[in-house]
Amino acid sequence: MSSDILAKVATAPPPQDPPRAPAAPRIVPLPRAGQWTAAVLVLALLAFAAQSVVRNDAFQWDVVADYFTTASVLRGLWLTLWLTAVVMVLGFALGTLLAMGRLSANPVLRAVSWGYVWFFRSMPILVQLLFWFNIGALYPQLFGVRTVNLLGPVTIAVIGLTLHEAAYAAEVVRGGILSVGRGQTEAAQSLGLGRWRRLRRIVLPQAMRSIVPPAGNMLIGTLKGTSIVSVIAVQDLLYSVQLVYHRTYQVIPLLMVATIWYVVVTSVLGVGQHYVERHYARGSERAR
């Protein structure tokens, strides 16, 4: 009996593997000939433009190199950077007060803040600068001092640009504060935090996520916008190169000097804005 069983086991067919699942179909992307053609055309146009700029003798790149780091240009660059920093600090300080006024429960503060923002956003910055430059026609003396001696070109530039930037900064700050959920403020109130402490510790840190991107754009815009102060003889970067090409008649290369410096500084500010945004976006999906 045992021999019959062993014989059957020995002659039994080997066990078969379970059937395999059919292979998944291979996904073949659709050909995108139009996109690649457009990309090649764009690269060709960029190469042509770069070649024309580099090989065009009218740019006088040797002159650009000679004047790029001269003392007068660097002094103008320093004044531009200083003016940008002062205007942004003062503008956002005043703009924050205006934003608080617009969000206040006091109707007088709301009306005054709204009127300020409406007025200074409606008036072109060039008109403001020219108005302040000629303020002596309205008030020959201020505080017992002649207005001409009290308000120099740089002071007028700071005043005009600050009043202009504060109107826009007020809306940026107000929008950032309104982006914070009301539940955050209510939770802080339930903990017994005062109004200013709620604003400083709870609201503003969260509002910075919405404030930083437009504030960075304002910073870059202010840097470039300071070039308008050249109309009132403030020796910023643009006015410095203008003084040179009025003497040498090398207009294009001197304008290229100013252009390259503006590009360099705005690029550095753009990198800084990226890292500041990433800092305040920690813990959110945008930080990933």
Side-chain angles (χ1 to χ4, degrees), residues 46-92 124-136 148-165 215-276:
L46 289 176
F48 175 77
Q51 183 181 14
S52 66
V53 170
V54 172
R55 294 189 175 184
N56 192 340
D57 296 334
F59 283 101
Q60 302 180 34
W61 294 110
D62 55 337
V63 178
V64 173
D66 291 338
Y67 283 100
F68 191 70
T69 56
T70 56
S72 60
V73 171
L74 293 180
R75 282 196 301 268
L77 175 64
W78 167 250
L79 182 58
T80 294
L81 296 176
W82 178 87
L83 193 60
T84 301
V86 171
V87 168
M88 285 299 295
V89 171
L90 296 179
F92 263 89
I125 180 60
L126 179 59
V127 176
Q128 293 184 43
L129 289 176
L130 293 176
F131 178 85
W132 286 106
F133 190 71
N134 295 280
I135 193 67
V148 176
N149 299 328
L150 184 63
L151 299 178
V154 176
T155 305
I156 290 173
V158 171
I159 293 175
L161 292 176
T162 297
L163 295 178
H164 177 78
E165 292 298 316
N217 291 334
M218 284 184 60
L219 175 61
I220 294 175
T222 301
L223 172 72
K224 296 183 296 182
T226 55
S227 60
I228 203 170
V229 301
S230 61
V231 300
I232 57 175
V234 176
Q235 295 190 14
D236 67 321
L237 177 59
L238 179 60
Y239 192 78
S240 298
V241 300
Q242 286 177 329
L243 291 178
V244 176
Y245 72 62
H246 285 159
R247 186 179 69 252
T248 64
Y249 300 101
Q250 296 169 319
V251 179
I252 297 300
L254 268 300
L255 288 179
M256 288 303 301
V257 170
T259 300
I260 294 173
W261 271 121
Y262 280 121
V263 170
V264 170
V265 177
T266 53
S267 300
V268 173
L269 293 178
V271 173
Q273 177 185 349
H274 168 73
Y275 284 103
V276 173

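- The closest side-chain heavy-atom distance from Val127 to Pro124 is below 4.5 Å.
- Between Ser227 and Asp236, the shortest heavy-atom distance links the atoms CA-OD2, 3.3 Å.
- Environment of CZ in Phe131: sparse, with no more than 12 heavy atoms of neighbouring residues, nucleotides or ligands closer than 6.0 Å.
- Within 6.0 Å of CH2 in Trp78 there are 12 or fewer heavy atoms belonging to other residues, nucleotides or ligands.
- Here the closest non-hydrogen pair linking Ser240 and Gln235 is OG-O, 3.7 Å.
- We find the CG-CG distance between Leu77 and Leu238 to be 12.5 Å, quoted to the nearest 0.5 Å.
- Between the side chain of His246 and the backbone N or O of Gln242, at least one donor-acceptor pair lies under 3.5 Å.
- Within 6.0 Å of CZ in Phe133 there are 12 or fewer heavy atoms belonging to other residues, nucleotides or ligands.
- You'll find the side chain of Tyr245 stays beyond 4.5 Å of the side chain of Val257, heavy atoms only.
- Here the CD1 atom belonging to Ile220 is positioned 10.0 Å from the CE atom belonging to Met88, to the nearest 0.5 angstrom.
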- Evaluate side-chain contact (heavy atoms from CB on, under 4.5 Å) for Trp61 paired with Asn56, printing each intermediate quantity in order. CA-CA 9 Å; Trp61 294 110; Asn56 192 340; over 6 Å; no
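- Taken from OG in Ser72 to CG in Leu74, the straight-line distance is 8.0 Å, to the nearest 0.5 Å.
- Between Val234 and Thr226 there is no side-chain heavy-atom pair separated by less than 4.5 Å.
- Every side chain to side chain donor-acceptor pair (under 3.5 Å) that Thr222 has, sequence neighbours left out, goes to Glu165.
- Contact check for Tyr262 versus Thr259: no side-chain heavy atoms found under the 4.5 Å cut-off.
- Annotation: side chain of Leu161 is not in contact with side chain of Leu90 (no heavy-atom distance under 4.5 Å).
- When side chains are defined from C-beta on, Leu254 does not count as touching Tyr249, because their heavy atoms never get closer than 4.5 Å.
- Interatomic distance, Leu237 CG to Leu83 CG, rounded to the nearest 0.5 Å: 12.0 Å.
- Note that CD1 of Ile135 is 5.5 Å distant from CH2 of Trp132, once rounded to the nearest 0.5 Å.
- Closest heavy-atom contact between Thr162 and Gly91: CG2-N, 3.8 Å.
- When all heavy atoms are compared, the tightest approach of Ile156 to Leu151 is CD1-O, 3.7 Å.
- Taken from CD1 in Ile228 to OH in Tyr239, the straight-line distance is 15.0 Å, to the nearest 0.5 Å.
- Around atom CG of Asp62, more than 12 heavy atoms belonging to other residues, nucleotides or ligands sit under 6.0 Å away.
- Considering every non-hydrogen atom in both Pro253 and Ala58, the closest pair reads CD-O, 4.5 Å.
- When the options Val64, Val63, Val241 are evaluated for a side chain to side chain contact (heavy atoms under 4.5 Å, CB included) with Gln250, the one that passes is Val63.
- Between Val73 and Phe68, every side-chain heavy-atom pair lies at or beyond the 4.5 Å cut-off.
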